[in-house]
There are 2 protein chains.
Amino acid sequence: MTALQTIFQHSLSLNLESGLPLLATASETTASEADTTIILAGVLLSLVFIYFASKLGGELSKLVDLPPVLGELVAGVIVGISALHLVIFPETGAMASDSVVITILQQVVGLQPENASAVFASQSEVISVLAELGVIILLFEIGLESDLRELQKVGTRAAIVAVIGVVAPFIGGTAGLMLLFGMPTIPAVFAGAALTATSIGITSKVLSELGQLKSKEGQIIVGAAVIDDVLGIIVLAVVASLAKTGEVDVLNLVYLIVSASAFLLGSIFLGKFFNKSFVAIAQKLQTRGNLVIPALIFAFLMAFLANAIQLEPILGAFAAGLVLDETDKRKELDQQIIPIADILVPIFFVSVGARVDLSVLNPTSAENRQGLIIAAFLIVVAIIGKIISGWAIFGKEKVNRLAIGIGMIPRGEVGLVFAGIGAASGILDKPLQAAVIIMVILTTFIAPPLLRFAFKEEAEIVEETGS
Amino acid sequence: MTALQTIFQHSLSLNLESGLPLLATASETTASEADTTIILAGVLLSLVFIYFASKLGGELSKLVDLPPVLGELVAGVIVGISALHLVIFPETGAMASDSVVITILQQVVGLQPENASAVFASQSEVISVLAELGVIILLFEIGLESDLRELQKVGTRAAIVAVIGVVAPFIGGTAGLMLLFGMPTIPAVFAGAALTATSIGITSKVLSELGQLKSKEGQIIVGAAVIDDVLGIIVLAVVASLAKTGEVDVLNLVYLIVSASAFLLGSIFLGKFFNKSFVAIAQKLQTRGNLVIPALIFAFLMAFLANAIQLEPILGAFAAGLVLDETDKRKELDQQIIPIADILVPIFFVSVGARVDLSVLNPTSAENRQGLIIAAFLIVVAIIGKIISGWAIFGKEKVNRLAIGIGMIPRGEVGLVFAGIGAASGILDKPLQAAVIIMVILTTFIAPPLLRFAFKEEAEIVEETGS
């Protein structure tokens with residue numbers, strides 16, 4: 001379906017010259033097919049850049065004994081809007097003419113300048129959706145690797161960590177901004193709300209890389225991050241409604257809390273029955289993909305349902321993974337999900353890095369300087385507020401409280417959503433916007449090495465006391 | 001990143017009410033992020049439908065002892081534009097209001113009617129690109145499973161089969177349409193050209209399902225289909241230039257032939273050196289995806305390069321597979337590509353089926369009746385023209401000539417491209433368009449069961465003579 005660009009243009013000009021009637025639907029067919037060819041070329045090239053960056057970053061990170069995902073994020077920053085412009089997205093304000101991929105397509109595949117914007121938008125959209133599918137598969141995989149019984153055991157502790165990890169930075173951030181910086185209530189509340197997020201994707205990936213996903217600490221962090229994701233959605237709804245009407249929309253709040261709880265608990269409860277049907281179905285199927293396709297149907301359907309009741313799709317995928325974890329087919333499924341995750345997950349992490357615009361760190365701009373000062377404050381609150389949550393676990397039980405607190409630090413893509421909405425609504429002014437973004441970047445990049453350090457510390461203590 | 005639709009609208013209306021300045025780039029951020037959420041929901045739902053259809057169709061097909069891919073194609077027709085409208089594409093003339101997915105999104109995720117067309121276009125584009133990635137992965141896998149030395153051994157025979165399989169239906173079709181139906185030269189030549197295509201995707205998938213990919217016949221068919229793909233592009237270029245200027249653009253023709261040959265031979269030749277570097281690199285990498293990511297970088301880059309020199313991307317992916325087939329890592333890589341192919345390839349086959357509009361078969365329309373008569377003629381030429389090619393293999397060697405000829409029959413998506421261009425340029429009138437599409441449908445659907453029959457016949461003869 002290539003060579004079509006040129007040939008299609010031939011045919012079209014032929015048509016115009018000879019004055020034959022052009023069939024409307026049919027002409028759309030081929031125009032759009034030619035588009036798909038060019039968009040596909042753009043996607044292929046973007047994927048080559050993304051994969052190359054992810055491997056280079058991951059391997060270098062591993063060489064200096066840091067978690068590979070940190071390297072993928074940094075590599076994303078390098079190929080992204082801040083530096084090489086190989087992987088950029090229109091949402092960050094980038095134009096088609098900024099994109100190296102589009103420039104190459106114009107020179108090599110014959111992309112016309114007048115179509116450049118449309119192709120840029122479309123191919124970025126495809127990469128964005130692939131990245132989202134990546135984080136859905138990641139959470140599905142994390143769900144598969146998590147143990148439901150273990151999660152239930154740590155449930156109360158995870159809930160405490162999540163609640164403290166939301167309340168402490170929210171109060172600290174809001175109060176600090178109002179008292180120390182003299183900010184009005186609404187922006188202070190919004191910036192405080194942005195401090196509550198936890199990026200379950202980054203945290204769980206690091207845990208998995210450290211081999212700590214199934215440890216007690218790992219399960220508490222994952223459980224708390226899931227609950228935090230739900231809380232984050234509620235906080236966002238509350239803040240938005242508060243900002244709009246000056247009061248909280250209690251009905252919507254109750255709806256969100258009830259639907260989120262019902263979804264997570266209900267899916268796990270129903271899942272216990274569904275388990276057996278799933279295995280029975282998978283065993284009866286005889287064609288290729290007999291295990292992985294039914295599993296993905298389930299995961300994608302759950303992600304869609306979560307989305308439909310206003311939760312994050314990744315929560316649905318996580319619940320689906322938890323349910324299928326209980327089946328006899330788990331190991332086989334796990335084995336087959338690995339390569340799928342390997343090709344989709346890096347798209348997510350490189351994209352997160354690529355969207356980070358480091359120009360907010362440039363201190364020559366006055367707004368940035370002001371932002372940097374506020375950012376320093378927000379970062380301190382962001383880190384302390386989450387670390388406290390680890391020590392909120394009561395009892396004398398021996399758990400690595402520092403690791404748990406650190407595990408909750410990265411704000412990642414969730415924090416960027418807060419920043420985006422705050423900016424779009426005009427609630428956050430430029431310096432405060434910059435401050436929130438800097439806080440998100442720093443907490444995201446600092447957490448992986450810190451988490452590794454916290455677990456290593458522990459391992460050394462265990463070794464010393466053991467010997 | 002959900003609940004954003006509603007909250008974003010809150011924030012926006014807040015902004016309008018309070019009259020705060022709306023930041024252009026930032027507002028684009030969130031608007032586009034909200035879009036991505038809805039588009040993602042549409043993609044998830046489409047994938048659920050596609051996977052469900054592919055498994056149901058594939059399994060039922062297997063139950064009645066037919067190749068699963070036939071069931072996937074039929075299931076695609078059922079969920080597509082011809083019946084259920086679960087998976088439809090704008091290129092077939094479908095509107096957002098026809099799409100069941102869009103209707104569900106409007107009712108469940110709060111998609112606004114004014115955005116329906118844009119979301120429909122975007123989510124269809126994503127599915128189209130995923131389908132294209134599916135056929136790229138399929139050809140990469142076929143390349144991995146093909147044996148380069150075996151292919152070189154059958155090279156001459158494959159070339160003969162391909163050339164006869166292009167020349168015979170082209171001459172038969174063009175002459176027949178001019179002599180029997182009194183058609184003008186240009187449309188007759190174009191319809192004749194549409195008869196030359198062979199869908200390597202469908203053929204190779206059926207061969208793989210029958211376990212015949214590595215047989216002598218299988219390798220001849222795959223080799224011939226690859227050469228046919230190149231020939232098809234050349235034929236298309238010739239026909240288009242003939243139709244435009246009344247004469248053949250010799251320069252472009254020479255360019256295409258030289259570049260195609262240089263690409264395929266060059267990549268295989270260079271591949272022999274690249275092999276060792278690839279294994280060395282994969283062995284040094286220590287992070288997840290150490291084998292599959294470098295392999296995909298290579299495959300996608302080759303697909304892009306093929307596209308850049310006006311070949312089909314799938315030819316590049318096939319060449320990449322052939323090269324990596326020669327490495328020590330082949331088995332391991334093969335194992336990891338399987339689940340990736342399992343989730344991407346069905347999207348391609350279901351999409352091919354979903355785009356087929358069976359309404360051209362409705363005999364109550366006069367145009368369709370005329371089309372049906374021409375179609376009957378084209379189908380006969382299409383089948384005989386390709387079956388002849390099997391008997392074109394000289395020598396007394398014992399090969400299953402019938403199976404080879406049948407293997408070349410399916411026109412699949414390549415035939416649809418001819419039909420689309422012919423329609424868009426106005427060269428094919430409505431009845432002739434319909435006839436070409438019917439020919440493509442029938443040859444595509446008839447080949448898998450026939451191929452199975454041809455190989456079974458042989459197996460029984462072997463068994464009988466053996467016992």
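Just so it is clear, the model here is predicted, and its values are computed rather than measured. Residue numbering restarts at 1 for every chain, and letters A, B, ... go by the order of the sequence lines.
Top candidate by heavy-atom pairs under 4.5 Å with chain A, chosen from B/Val108, B/Val292, B/Leu291, B/Ile293, is B/Ile293. If you tally non-hydrogen atom pairs under 4.5 Å between each of B/Ile314, B/Leu344, B/Leu285 and chain A, the highest count goes to B/Leu285. Ranked by non-hydrogen atom pairs under 4.5 Å with chain A, the options B/Ala121, B/Gly58, B/Pro339, B/Pro346 are led by B/Pro339. The greatest number of non-hydrogen atom pairs below 4.5 Å with chain B, out of A/Gln123, A/Gln336, A/Lys284, A/Gln286, is found for A/Gln286.
With contacts defined as side-chain heavy-atom distances shorter than 4.5 Å, the pair B/Leu133/A/Leu40 qualifies. When side chains are defined from C-beta on, A/Leu130 counts as touching B/Leu130, because their heavy atoms get closer than 4.5 Å. The shortest side-chain heavy-atom distance between A/Leu47 and B/Leu296 does not fall under the 4.5 Å cut-off.
Separating the CD atom in B/Gln335 from the CD atom in A/Gln335 is a distance of 9.0 Å, to the nearest 0.5 Å. Of the inter-residue distances, the one linking A/Phe49 atom CZ with B/Leu301 atom CG reads 9.0 Å to the nearest 0.5 angstrom. The CG atom of B/Asn290 sits 7.0 Å away from atom NZ of A/Lys55, with the distance rounded to the nearest 0.5 Å. The CD1 atom of B/Ile38 lies 8.5 Å from the CG atom of A/Asn307; values are rounded to the nearest 0.5 Å.
Looking at every heavy atom in both residues, A/Val48 comes nearest to B/Ile297 through CG2-O, 3.9 Å. Closest of all the heavy-atom pairs between A/Leu44 and B/Phe304 is CD1-N, 4.1 Å. Minimum interatomic distance between B/Asp342 and A/Gly289 (heavy atoms only, all atoms of both residues): OD2-N, 3.3 Å. A pairwise comparison of heavy atoms in B/Val129 and A/Val126 identifies CG1-CG1, 3.9 Å as the closest pair.
Neither the backbone nor the side chain of B/Ile309 comes within contact range of chain A; no heavy atoms are under 4.5 Å apart. Looking at B/Ile50, there are no atoms closer than 4.5 Å to chain A (heavy atoms on both sides), in backbone or side chain.
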Passes side chain to side chain donor-acceptor pair (under 3.5 Å), A/Thr36 versus B/Glu125? Steps please. CA-CA 7 Å; A/Thr36 298; B/Glu125 194 64 61; 3.1 Å; yes

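Proximity of a side-chain donor or acceptor of B/Glu59 to a complementary backbone N or O of A/Thr287 within less than 3.5 Å is detected.
Between A/Glu141 and B/Arg288, at least one side-chain N (NZ, or NE/NH1/NH2) sits under 4.0 Å from a carboxylate O, which counts as a salt bridge.
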